[in-house]
Structure formats: structure tokens, C-alpha cells
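The structure under discussion appears below in the form of C-alpha cells.
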Amino acid sequence: KREVFLSTFDAINANFKEVFRELSDGNGEILLESREKPFEGGLLIQVQPAGKPIQRLEALSGGEKSLTALSFLFAIQRYRPAPFYALDEIDMMLDGVNVEKVAKMIKKLSKSAQFIVVSLREPMIECASSTIGVVMQEKNISTITGIRLNGKNAQAQISA
Amino acid sequence: KREVFLSTFDAINANFKEVFRELSDGNGEILLESREKPFEGGLLIQVQPAGKPIQRLEALSGGEKSLTALSFLFAIQRYRPAPFYALDEIDMMLDGVNVEKVAKMIKKLSKSAQFIVVSLREPMIECASSTIGVVMQEKNISTITGIRLNGKNAQAQISA
Amino acid sequence: MHIKGIDLKNFKSFKNQTHIPLFDEFMTISGPNGSGKSNVLDAILFTLGLSKSRDMRADKLTDLIYSSGNGDGINQAEVKVHFDNSDRLIPIDRDAVTISRKVKKTDNGYYSYYYINGKPCTFSEIQEILSRSFITSNSYNVIMQGDVTRILNMSSFERRKIIDEIS
Amino acid sequence: MHIKGIDLKNFKSFKNQTHIPLFDEFMTISGPNGSGKSNVLDAILFTLGLSKSRDMRADKLTDLIYSSGNGDGINQAEVKVHFDNSDRLIPIDRDAVTISRKVKKTDNGYYSYYYINGKPCTFSEIQEILSRSFITSNSYNVIMQGDVTRILNMSSFERRKIIDEIS
Ligand SMILES: Nc1ncnc2c1ncn2[C@@H]1O[C@H](COP(=O)(O)OP(=O)(O)OP(=O)(O)O)[C@@H](O)[C@H]1O
Ligand SMILES: Nc1ncnc2c1ncn2[C@@H]1O[C@H](COP(=O)(O)OP(=O)(O)OP(=O)(O)O)[C@@H](O)[C@H]1O
Ligand SMILES: [Mg+2]
Ligand SMILES: [Mg+2]
């Protein structure tokens with residue numbers, strides 16, 4: 001049991017280092033409080049954004065925290081993808097450059113899992129393979145306005 | 001004491017109705033749990049976004065909640081402006097149209113108070129009278145890159 | 001396995017029978033504030049039993065039934081989630097699997113029914129089927145609005161448990 | 001009354017002596033993630049005594065002193081907030097009022113000093129002066145990052161107290 005856990009942990013840690021570097025140019029890793037007895041301790045996340053010293057998680061900025069959390073999620077996805085991912089405005093604290101970096105990464109990861117991402121930010125919508133529009137019609141009734149297949153730009157009208 | 005409180009409350013409530021209508025086209029008001037004995041009860045916020053029924057605050061969307069909270073803040077500002085306001089990414093859950101509406105309102109309110117607003121969103125930055133740029137230079141050191149006086153577009157380089 | 005589409009009727013702000021087609025790729029859902037984007041994700045969580053009503057901004061399950069505010073007498077909501085199961089990740093020998101859920105208001109409460117391919121089943125049957133395809137209520141494939149940094153705020157033990165589940 | 005400018009030295013990520021000019025209008029502060037925008041607002045809150053270190057993402061006050069991570073021996077941070085007081089909202093008979101604060105690391109803790117126009121004063125003197133110009137720690141003129149909907153999450157009593165303070 002410990003062996004299986006450690007091999008999973010090490011694989012995810014390797015992914016985390018790679019993903020964090022790709023998203024923020026910095027160094028990151030996940031650590032066990034006790035490698036000897038992993039089930040008696042917890043799991044720590046330690047990151048060092050580009051050009052900075054190692055930070056306590058609380059001292060990070062809003063955008064840095066978002067990238068750290070997303071790196072952990074994507075590190076697990078690379079190891080064992082869930083069939084689908086549903087992410088609601090994960091880009092709200094990111095600047096334009098970082099929205100684009102995260103969008104590009106999701107585009108890559110979407111080869112091995114389905115990603116459904118709610119977003120208001122242009123770089124995220126532009127990068128997706130397709131976009132579903134939702135509007136509020138008359139009295140508090142939502143309808144789907146159509147699907148835009150990005151690039152191919154085919155408007156597929158959906159019957160409500 | 002009760003009289004003074006009620007006249008303040010009524011003035012802020014009138015402002016809240018106006019501001020909420022301006023920001024979201026809907027109806028909003030603030031209510032006292034007990035108008036007879038205001039100090040024994042609390043203050044409720046009740047809103048009805050455009051074309052919708054009256055909502056429980058929890059059922060509102062992220063953007064609707066932001067507009068409701070900002071309406072309360074601006075309603076107080078109109079009654080008794082504080083000398084300055086420092087707002088950090090208040091627009092992160094707003095769509096482009098709503099960022100613009102909030103920015104225009106701040107522009108108006110800034111005639112009677114100073115507004116310092118941290119933002120990553122284009123419509124907010126464009127609407128401000130001036131913008132201060134902050135960047136991370138070498139090892140974890142922040143510097144001010146300059147001030148852009150919007151419209152007049154004069155670059156005033158600031159010596160660090 | 002992926003979600004091929006969702007059908008909603010009287011679920012939150014989706015009053016009319018609505019079909020949302022989904023593809024096995026990177027899709028975004030966009031639209032104005034308050035238009036119903038998060039409600040689409042809530043529909044998936046509701047049907048798969050992945051979250052409590054509180055997470056869906058509802059006090060009780062019947063708050064999820066469409067209401068225009070002036071008692072239009074709608075007492076039932078239904079959502080269907082259609083999966084492409086050609087890789088048989090769901091342990092059912094069919095290319096297409098539909099999980100659906102209905103909630104119905106009654107005089108003194110509500111009923112909630114789950115279905116797999118149209119046949120009534122229990123919540124634990126749903127949980128059993130989904131956990132074998134790595135979809136559990138604390139797996140890391142759903143991030144609710146405003147919750148992106150949740151993983152940083154949890155205890156180090158809770159974080160480690162995520163790896164336990166995966167290994 | 002408004003803030004005319006801020007001077008920072010060794011405060012959080014502002015290592016070098018930095019002057020930030022401010023005007024009596026609508027200004028935005030912008031820049032990449034992690035560049036130091038929120039730290040500017042933290043500098044104002046720190047100097048006016050408006051928030052505890054926890055609100056400034058610091059465990060203890062000395063976490064606010066610039067550190068490059070490899071012990072560069074900086075043991076003091078200072079911030080000055082310059083006010084235009086021509087409307088005499090601050091009960092001091094001068095056009096320009098500067099409130100400043102210094103925090104200094106010592107062997108067994110730290111010292112924190114407040115100054116008004118260069119003269120040392122106590123925290124309660126600062127509080128007294130500011131409350132007469134409607135700047136108190138629970139007044140609604142500061143919204144921290146991620147906290148925009150705080151007013152909706154508080155109890156109805158706490159909300160009513162806001163109006164108490166104003167009337
Ligand atoms: N049971 C219900 N019946 C009718 N409408 C409902 C019901 N529950 C929620 N709603 C409506 O759904 C709206 C919120 O939708 P949702 O949270 O999906 O918006 P959103 O598109 O995610 O917006 P944002 O971009 O602001 O996050 C509310 O305004 C509310 O009126
Ligand atoms: N005492 C300190 N010494 C040096 N740097 C510090 C100190 N405290 C915080 N920092 C740095 O400040 C950075 C965060 O700055 P801040 O929160 O102001 O960013 P921001 O511009 O608001 O970013 P975002 O757009 O992501 O919110 C952290 O990366 C951290 O390295
Ligand atoms: Mg939403
Ligand atoms: Mg910030």
C-alpha cells in the first residue's frame with residue numbers, strides 16, 4: 001500500500017514540477033510531511049514563482065495562487081485523467097498572459113479528457129475548440145444561443 | 001437616536017434603489033428587520049435583477065452578487081463619501097458590459113471622492129483618469145513603471 | 001468516455017426543454033452575468049449526485065425546480081446526462097449511457113429519482129458506477145465558481161487523501 | 001482630503017525607496033500577476049492601522065519587511081502616506097499631512113512606530129484623527145482582493161451596524 005502510494009505521489013510530483021514551470025516559469029513541488037509513514041502526515045505544496053524566493057502559500061498573489069492550484073489539478077489529470085472536467089471561471093484572477101497560458105495547456109490536455117470551461121475572458125474562449133452561448137431570454141428563462149466552432153466558425157443553431 | 005438612524009437609512013435606501021437600477025436595470029432595496037426597534041434587528045438586502053423575480057441572495061450568480069455588493073457600497077458613498085476608496089479587483093466576476101457600467105459609475109463618483117482601483121480588465125483601465133503600472137523587476141522587487149494619463153496620454157516617467 | 005449532451009427541463013433557470021450538445025474536446029460556455037452558465041454545471045452535479053444542494057446555491061432540493069416567482073405550479077425538474085461509453089469506462093455494455101435524475105415537489109417535501117438508461121435505480125448504484133470511472137464527489141474534476149484555490153486552503157491531510165484515492 | 005502620494009521602503013516587494021504619486025480622481029493600478037499591485041493597497045492599510053497582518057497575507061508584522069529569501073539582513077520597513085488636507089478634514093491645521101509607520105525587527109520580536117508629520121505618536125492618536133475623517137477599520141472604503149461580496153456574507157446585524165456608524 002505504501003509502495004503504491006509513493007509511486008503515485010512521485011509521478012504526480014514530477015508532473016507538478018513540469019506543469020508549474022510551464023505555467024509560471026518557476027519551480028514548484030509537492031512534499032510529504034513524512035515519507036516514511038505517509039499516511040500519518042499530510043501533503044505540502046511549495047512553490048517559487050519565477051525569480052522569487054520560496055513563498056508561504058498565503059503570501060502569494062491571487063493570480064499566483066490560481067496558477068498553483070491549477071498546476072496541482074493538471075498534474076493529477078496527466079497521471080490519471082478523469083473522463084471530463086467542469087471548471088467555472090478558473091481564470092477570473094489571471095492577467096491576459098496567464099489566461100492564454102492556461103487556455104493553451106487545457107487545449108493540450110483536452111486530447112485525453114473532455115474540458116467544459118465556463119469563462120468570460122476572451123483568450124480562453126478564443127482557444128477553445130467550440131463555445132456554447134447562454135442568454136437569459138424573457139422572464140428568467142435561460143436558452144442556448146448556439147455553438148461556435150472556433151476556427152471553423154460554423155454556427156450550429158440549437159433548437160431549444 | 002432612532003430618528004437620526006432612520007433618516008440615514010432612508011437616504012441610503014433611496015440611493016441603493018437608484019444605483020442598483022443604474023448598474024443592473026433591476027429593482028433593489030434594503031430593509032430593516034424591525035423598523036420600530038431598528039437596533040434590535042438587522043438589515044436585509046433584497047434584489048430583483050432585470051426581468052427576474054425577487055431572489056434569495058444565495059441564488060444570485062457571481063456577477064449579480066458583485067453588482068449587489070457594489071451597489072450598497074456606492075449607495076453609502078453617495079450619502080457620505082469617505083475621502084478615498086481602495087478597491088482590489090472588484091470586477092473579477094463581471095462580464096465586459098458590467099465592467100464598463102461599474103467603471104462609468106466610479107468615474108462619476110470620483111468627483112466627490114478619490115478612487116484607487118486595482119484591475120486587470122481593459123474597460124476599467126480605459127475609463128480611469130490615469131493608470132499606474134507596477135512590474136516585478138529583478139529578484140522579487142516591484143517598481144512603478146509610469147503613469148498613463150488616459151485621454152491626454154502623457155507618459156509621466158516616475159523616478160523609482 | 002465523455003458527456004455527449006445534456007437535456008434539462010424546469011431545472012433552475014432552464015424552464016423549457018433544452019438540449020445542450022457537448023463534444024469530446026475543449027469547450028467553453030460563455031454569456032452575460034446571470035444568464036445561466038453556472039446552472040449548466042449545477043445540472044451535471046445534480047444528476048450525478050456529486051454535490052449537496054448547498055453547493056448549488058439552493059437551500060433545499062426543490063429550489064432547483066424552475067420558478068418564476070409567482071407560483072406557476074411547476075413541481076418537477078429533470079436533467080438527463082448522455083455519455084458516450086464506447087470505451088466501456090462505465091461498466092455497462094452499451095455505447096450510449098444516459099444517467100438522469102428527477103426531483104418532484106410533494107405536499108410535505110420532495111421525491112428524488114435516479115435513472116440509468118431509463119430504468120429507476122438508487123443513488124448508491126449511481127455512485128458505484130461512477131466511482132469505477134473515476135468520478136467521485138471529491139475527485140478533482142469539478143471546480144465551482146470562486147473555488148479555484150480551494151486546494152490551497154484545505155489541510156495537508158485532506159490534500160494527501162486526494163493522492164490516496166488515486167493510487 | 002485625498003492621498004497625494006505614497007513612499008515605500010522595504011515594504012513587502014517594494015525594496016527600493018519607491019514614490020507613487022496619486023491624484024484626486026479615478027486611478028487604476030495595473031500590471032501582471034504577482035507584480036505588487038495588492039501590496040500597494042496593503043501599504044496604505046498598514047500605515048493607517050486599518051488591518052491586522054493576517055489581512056495583509058502575513059503571519060506576523062515582520063513578514064511585511066522585504067525579504068529576498070536568503071537573509072539580506074534588512075530589518076526595517078517604512079511607508080509614508082501623504083494627504084492633501086486643504087479641506088482640513090484631518091483635524092490638523094496644515095495643508096499637507098503625512099502619516100507614516102515603521103516596523104523594525106528586533107532579537108525577540110519587533111517594534112512598530114507611528115508618526116504624524118514626522119512626530120512620533122500612538123496608534124490610538126492615529127485612530128482618533130482618522131475616525132473624524134470617516135476612515136475606520138470597518139468603514140466601507142476598502143475592499144481587499146477576492147472580498148467584493150463580503151457585505152452579502154455578513155449577518156444582517158453586522159450590516160445594520162454599518163448604518164449605525166454613519167448616522
Ligand atoms: N429555481 C430557479 N428558477 C428560476 N431561476 C433560477 C432558479 N435558480 C436560479 N435561478 C436563476 O439563475 C440565475 C443565475 O444563474 P447562473 O448562476 O448560472 O449565472 P451565470 O451565467 O453563471 O452568471 P455569472 O457570470 O454572473 O456567474 C439567477 O439570476 C437566478 O435567477
Ligand atoms: N516581505 C516580502 N518581501 C518580498 N516580497 C514579498 C513580501 N511579501 C510579499 N511579497 C511578494 O509579493 C508578491 C505578491 O504581490 P501582490 O499580491 O501585490 O501581487 P498582485 O500584483 O496583486 O498580483 P495579482 O494580480 O495576482 O493579484 C508575492 O509574489 C511575493 O513574492
Ligand atoms: Mg456563474
Ligand atoms: Mg492582487
Side-chain angles (χ1 to χ4, degrees), chain B residues 4-5 7-9 12 32-33 38-39 41-45 57 65-66 68-70 72-73 76 79-80 82-90 92-93 106-107 110 114-120 124-125 127-136 139-145 147 158-160, chain D residues 1-3 12-41 44-45 66-69 83 89 133-135 139-152 155-164 166-167:
Chain B
V4 173
F5 174 87
S7 87
T8 303
F9 174 82
I12 291 175
L32 290 169
E33 282 173 350
F39 302 106
L43 186 149
L44 301 168
I45 300 176
L57 287 185
K65 278 183 183 155
S66 301
T68 304
L70 290 172
F72 193 75
L73 178 90
I76 294 174
Y79 177 73
R80 188 196 291 280
F84 73 89
Y85 288 79
L87 311 176
D88 198 342
E89 297 195 25
I90 55 171
M92 68 181 183
M93 290 193 277
I106 291 176
K107 184 94 173 150
S110 67
Q114 176 183 38
F115 278 83
I116 304 165
V117 180
V118 174
S119 176
L120 302 172
M124 185 69 78
I125 296 166
C127 195
S129 305
S130 55
T131 303
I132 292 181
V134 184
V135 286
M136 239 336 148
K139 199 170 168 46
N140 207 14
I141 296 175
S142 295
T143 42
I144 304 296
T145 60
I147 290 194
I158 313 300
S159 60
Chain D
M1 179 185 144
H2 68 278
I3 301 178
K12 285 197 145 192
S13 55
F14 290 90
K15 179 180 180 196
N16 305 329
Q17 181 69 44
T18 307
H19 176 67
I20 304 176
L22 296 171
F23 305 108
D24 189 9
E25 56 190 20
F26 173 15
M27 300 187 77
T28 46
I29 299 177
S30 205
N33 286 138
S35 56
K37 302 182 295 293
S38 297
N39 290 346
V40 173
L41 298 194
I44 297 173
L45 297 178
Y66 174 81
S67 146
S68 67
F83 290 97
L89 194 60
S133 23
F134 309 120
I135 302 174
S139 79
Y140 279 89
N141 64 333
V142 176
I143 294 186
M144 311 286 283
Q145 190 165 356
D147 216 18
V148 65
T149 58
R150 175 163 59 118
I151 207 129
L152 304 187
S155 76
S156 62
F157 267 81
E158 280 177 289
R159 254 185 243 137
R160 199 249 308 130
K161 291 222 177 77
I162 300 170
I163 310 287
D164 294 359
I166 292 167
S167 51

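Chain naming here is simple, since letters A, B, ... match the order of the sequence lines and numbering starts at 1 in each.
Top candidate by heavy-atom pairs under 4.5 Å with chain D, chosen from B/Leu32, B/Ile132, B/Val4, is B/Ile132. Of all the listed residues (B/Ala69, B/Ser119, B/Pro83), the one sharing the greatest number of non-hydrogen pairs under 4.5 Å with chain D is B/Pro83. Contacts with chain D were tallied for B/Met124, B/Glu89, B/Arg80; B/Arg80 has the most, counting heavy-atom pairs under 4.5 Å. Contacts with chain B were tallied for D/Ser133, D/Ser156, D/Ser38, D/Gly31; D/Ser156 has the most, counting heavy-atom pairs under 4.5 Å. Between chain D and the residues B/Thr8, B/Thr131, B/Val134, the largest count of heavy-atom pairs under 4.5 Å involves B/Val134.
Of the two parts of B/Phe72, only the side chain, counted from C-beta on, holds a non-hydrogen atom closer than 4.5 Å to a non-hydrogen atom of chain D. Contacts of B/Ile45 with chain D are made by both backbone and side-chain atoms, with heavy-atom separations under 4.5 Å. Of the atoms belonging to D/Met1, heavy atoms from both backbone and side chain fall under 4.5 Å from chain B. Residue D/Ile44 touches chain B through its side chain alone, counting heavy-atom pairs closer than 4.5 Å. Heavy atoms of D/Leu89 lying under 4.5 Å from chain B belong exclusively to its side chain. For chain D, the nearby parts of B/Ile125 are the backbone and the side chain; heavy atoms of each come within less than 4.5 Å. Residue D/Asn33 touches chain B through its side chain alone, counting heavy-atom pairs closer than 4.5 Å. Residue D/Ser67 touches chain B through its backbone alone, counting heavy-atom pairs closer than 4.5 Å. Contacts of B/Met92 with chain D are made by side-chain atoms alone, with heavy-atom separations under 4.5 Å and no backbone atom involved. Both the backbone and the side chain of B/Ile90 come within less than 4.5 Å of a heavy atom of chain D. Using a 4.5 Å cut-off between heavy atoms, B/Leu87 touches chain D through backbone and side chain atoms alike.
Expressed to the nearest 0.5 Å, how far CD1 of B/Ile12 lies from OG of D/Ser167 amounts to 8.0 Å. In this structure, the separation between NZ on D/Lys37 and CG on B/Asp88 is 8.0 Å, given to the nearest 0.5 Å. Taken from OG in D/Ser35 to CD1 in B/Ile141, the straight-line distance is 14.0 Å, to the nearest 0.5 Å. Of the inter-residue distances, the one linking B/Glu33 atom CD with D/Arg159 atom CZ reads 9.0 Å to the nearest 0.5 angstrom. Within the model, atoms CZ of D/Phe14 and CD1 of B/Ile144 stand 4.5 Å from one another, a figure rounded to the nearest 0.5 Å. Atoms CD1 and CD1, from D/Ile151 and B/Ile76 in turn, are 5.5 Å apart once rounded to the nearest 0.5 Å.
Residues meeting the side-chain contact (heavy atoms from CB on, under 4.5 Å) test with B/Ser110, sequence neighbours left out: B/Phe115, D/Phe26.
B/Val118 is not listed as a side-chain neighbour of D/Ser30, based on a closest heavy-atom distance of 4.5 Å or more. B/Thr143 places none of its side-chain heavy atoms less than 4.5 Å from the side chain of D/Thr18. Looking only at side-chain heavy atoms (C-beta outward), D/Ile29 and B/Val117 stay at 4.5 Å or farther from each other. Inter-residue side-chain proximity for B/Phe5 and D/Ile163 is flagged as met; some heavy-atom pair is nearer than 4.5 Å. Counting heavy atoms from C-beta outward, B/Ile147 and D/Phe23 have side chains that approach closer than 4.5 Å. At least one side-chain heavy atom of B/Asn140 sits less than 4.5 Å from a side-chain heavy atom of D/Tyr66.
Between the side chain of D/Asn141 and the backbone N or O of B/Ala82, no donor-acceptor pair lies under 3.5 Å. Checked by atom type and distance alone, the side chain of D/Arg160 pairs as donor or acceptor with a backbone atom of B/Phe39 at under 3.5 Å. D/Glu25 contributes no side-chain N or O that, together with a main-chain N or O of B/Gln114, makes up a donor-acceptor pair within less than 3.5 Å.
Across all their heavy atoms, D/Tyr140 and B/Tyr85 have their closest contact at O-CE2, 3.9 Å. The nearest pair of heavy atoms linking D/Leu152 to B/Lys65 is CD1-O, 3.6 Å. Across D/Ser13 and B/Met136, no two heavy atoms sit closer than the pair CB-CE, 3.7 Å.
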